[in-house]
Amino acid sequence: MQKTWEIQTTDADAAARVTRLIGYHPATASILAQRGLDTEKDIQAFLKPSLHRLRPPFEIADMTRAVVRISDALLNKERILIFGDYDVDGVTATTLLYQFLKEINAEVTFHIPHRITEGYGLKASHITDIVIPQEIKVLLTVDCGVSSHEAVSLANENHIDVIITDHHDIPPKLPDALAIINPKRDDCHSGLENLSGVGLAFYLALALRKHLRDQGFFQDQKEPNLKKSCDLVALGTVSDMVPLVEENRILTCTGIEILRSAHRPGIQALADVCSIDPRHIDAQDISFRFGPRINAAGRMDHAGIAARLLRTPLPEKAGQDAALLSKFNSRRQQEEEHVLTDILTRIDRDPGLVQRNCMVFSSPDWHEGVVGIVAARLTRLYFKPAILLSVKKDLGKGSARSIPGIDILAALTACSHMLQGFGGHPMAAGLQLPADQIEPLWKHLDQVIAQTASAEDFLPKVYINHVLELSDIKPKLLDEITSLGPFGVQNPEPVFMANDVHVHKSSMVGKGHRRMLLSSSAHKKSKGLWAIQFNADPDSTHIDQFARIAYHLQWNRWNGNKSIQLLVSDTQAC
């Protein structure tokens, strides 16, 4: 698919100011300037994130009410249940709060629902089947609950206090819970609306620890070290793709440091099965290695296995569970390929299926746990929203993924009369509906998107941060670029452009990847730099010259050594 290249504009004065202040290469300085960082205070806060710069937790609406109630339950030995979600964010949030409350001797247990049999979120059946029989007095949700009206009402009728912590978008009406900790509330002015579910769990633990400290609770026992739990915060924050700026950047940077210490046996075991040196764990490892394996537990079996891995103190048990998660991940990949092959076969037979403004596909043969991943792959392939539904007993349940500029949650809201339930974000959502409404939904969504989207929204773009010729790449520059990470939403990995590139060597490796040795054409006699391009055209290995390439810069670490590597994202032929 042809992409439009756009070179980002940079305030030259701001970039020069950055170079004067910290001595960085013009390429790095221009990226900092593009991100609004051109004063010494802002640059230092960005480059040296510190927990001391976190905004106070009690600025979040309902935080005081929640903390007082949990404190009372702790002192009165009342039973607390943590109800989590089955993705990485939910599993890490559940684990963090469970371990924290256990450490301060609370009467606490937790429940993570089964993705297939229980579905997403807190339901009335959880109150009747789990909460009431266990004589729970405080029900604490993490990463869910903000739309669980029926369950909260039933809990209230049974004198159970519900405290909701949830970072998802606010519905028109909130449940009647004792406390709702969600910085997206209109009446919450904390500035923390970008926190993930586990980020909110961390903030709740911070606030509770402060409250207990003020009450003299820790006079006779040691205060929990919450910094050590930032490894869980980094896992959930990066995996949930929330903006990696401000508090999320601070918590993730701190968490990656903790991950690299591998003090948690589950992290060491995950690193082992992924063949990663823990000392060099980064956000990419979380996104593409740890996260998928943790998620695979909930997709293919039960997320409780992932929670067990993260909290076990036993290295041998951690190794067994990490190996199990890897098996689940392999099964997930197989199921994913099955679904994608099915869809691509349909498109091959009828190309008109991808001519609409969105794609909607369904099948009774698809595993419900993988449809969201395949929907995301389809959006990348065809650059338009995709909805995939697994149909069982005349009910379609699945996931939607979108592209920048098209709010899929708003589009689904316009079709809400066809749906039995839905929720999510502008870029991703979950939904369910009667099977006989799938085709009408597709037609209506197509019309809704046509009314709100422009033709340009469907044109993929490559945003170039800086023109950087290959001959200008040096190790010091790459160290500077690395210091801008971890990369993610609102702090994307910088994209560079090089002109007139010579290909010394080219070959296909792995599953459709092209490995190349490149240099500037003006410096053909140089040693060149190794590059990798994923999902490349197998027929392109004969190309020996590019007019220009778009690429990321990375350190490639292998056997204790590191070398400069280009990750090529797009090319343009001569």
Side-chain angles (χ1 to χ4, degrees), residues 54-85 90 93-94 96-98 100-101 104-110 121-122 126-127 131 135-218 223-224 226 247:
L54 291 177
R55 275 173 275 205
F58 288 101
E59 294 295 314
I60 301 176
D62 277 2
M63 183 63 84
T64 299
R65 185 182 301 177
V67 162
V68 169
R69 182 64 186 93
I70 297 171
S71 174
D72 289 345
L74 175 67
L75 298 176
N76 295 324
K77 295 296 180 181
E78 293 178 301
R79 302 203 70 192
I80 301 169
L81 174 73
I82 302 167
F83 186 94
D85 187 21
T94 301
L96 187 154
L97 280 181
Y98 176 77
F100 173 72
L101 291 172
I104 57 177
N105 299 312
E107 296 288 329
V108 62
T109 186
F110 71 86
L122 180 68
H126 293 124
I127 306 300
V131 178
E135 299 182 347
I136 300 298
K137 295 301 180 184
V138 176
L139 173 57
L140 175 59
T141 76
V142 290
D143 197 31
C144 63
V146 77
S147 298
S148 299
H149 295 84
E150 185 182 1
V152 172
S153 295
L154 186 57
N156 291 339
E157 291 171 11
N158 287 275
H159 310 291
I160 298 159
D161 290 322
V162 181
I163 296 170
I164 293 170
T165 71
D166 194 349
H167 72 120
H168 293 98
D169 289 348
I170 298 293
K173 183 182 178 183
L174 289 170
D176 187 24
L178 174 75
I180 298 178
I181 297 173
N182 186 327
K184 289 187 171 73
R185 286 172 50 171
D186 290 339
D187 60 345
C188 182
H189 308 293
S190 63
L192 295 165
E193 59 274 4
N194 286 331
L195 285 176
S196 61
V198 69
L200 274 180
F202 179 83
Y203 259 74
L204 177 59
L206 273 181
L208 180 57
R209 188 181 67 173
K210 173 67 165 61
H211 175 79
L212 293 172
R213 180 191 300 150
D214 293 344
Q215 301 301 310
F217 182 83
F218 296 114
E223 284 192 19
L226 283 173
E247 272 69 20

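It should be emphasised that the depicted structure is a prediction, and the values quoted were computed from it without experimental measurement.
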| message | Apply side chain to side chain contact (heavy atoms under 4.5 Å, CB included) to residues Leu54 and Tyr203 and explain how you reach the verdict. | response | CA-CA 10 Å; Leu54 291 177; Tyr203 259 74; 3.6 Å; yes
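Nearest heavy atom pair, residue Leu96 against residue Ala201, reads CD2-O, 4.0 Å. Heavy atoms only, all atoms of each residue included: Ala207 and Val67 are closest at CB-CG2, 3.6 Å.
Heavy atoms of other residues, nucleotides or ligands lying less than 6.0 angstrom from CD of Glu150 number 12 at most. No more than 12 heavy-atom neighbours from other residues, nucleotides or ligands sit within 6.0 angstrom of CG on Asp186. Remark: Glu135 CD is loosely packed, at most 12 non-hydrogen atoms of other residues, nucleotides or ligands lying under 6.0 Å away.
In this structure, the side chains of Asn158 and Val131 stay at 4.5 Å or more apart for every pair of heavy atoms. A 4.5 Å side-chain heavy-atom check between Leu122 and Ile164 finds every atom pair outside the cut-off.
Within the 3.5 Å criterion, the main-chain N or O of His167 finds a donor-acceptor partner in the side chain of Lys184.
Taking CG of Leu140 as the start and CZ of Arg69 as the end, the distance is 11.5 Å to the nearest 0.5 Å. Atom CG of Asp166 sits about 9.5 Å away from atom CD1 of Ile180, to the nearest 0.5 Å. Atoms NZ and CZ, from Lys210 and Phe58 in turn, are 6.5 Å apart once rounded to the nearest 0.5 Å. Note that the CG atom of Asn156 and the CG atom of Leu139 stand 10.0 Å from one another [nearest 0.5 Å]. Atoms CG and NE2, on Asp85 and His168 in that order, are 6.5 Å from each other to the nearest 0.5 Å. Rounding to the nearest 0.5 angstrom, the gap separating the CD atom in Glu107 from the CD atom in Glu78 is 10.5 Å.
Residues satisfying the side chain to side chain donor-acceptor pair (under 3.5 Å) test with Asp187, not counting sequence neighbours, are Arg185. For Lys173, the side-chain contact (heavy atoms from CB on, under 4.5 Å) test picks out His149, with sequence neighbours left out.
Evaluated for a side-chain contact (heavy atoms from CB on, under 4.5 Å) with Ile82, the options Leu101, Ile163, Thr141 yield exactly one hit, Leu101.
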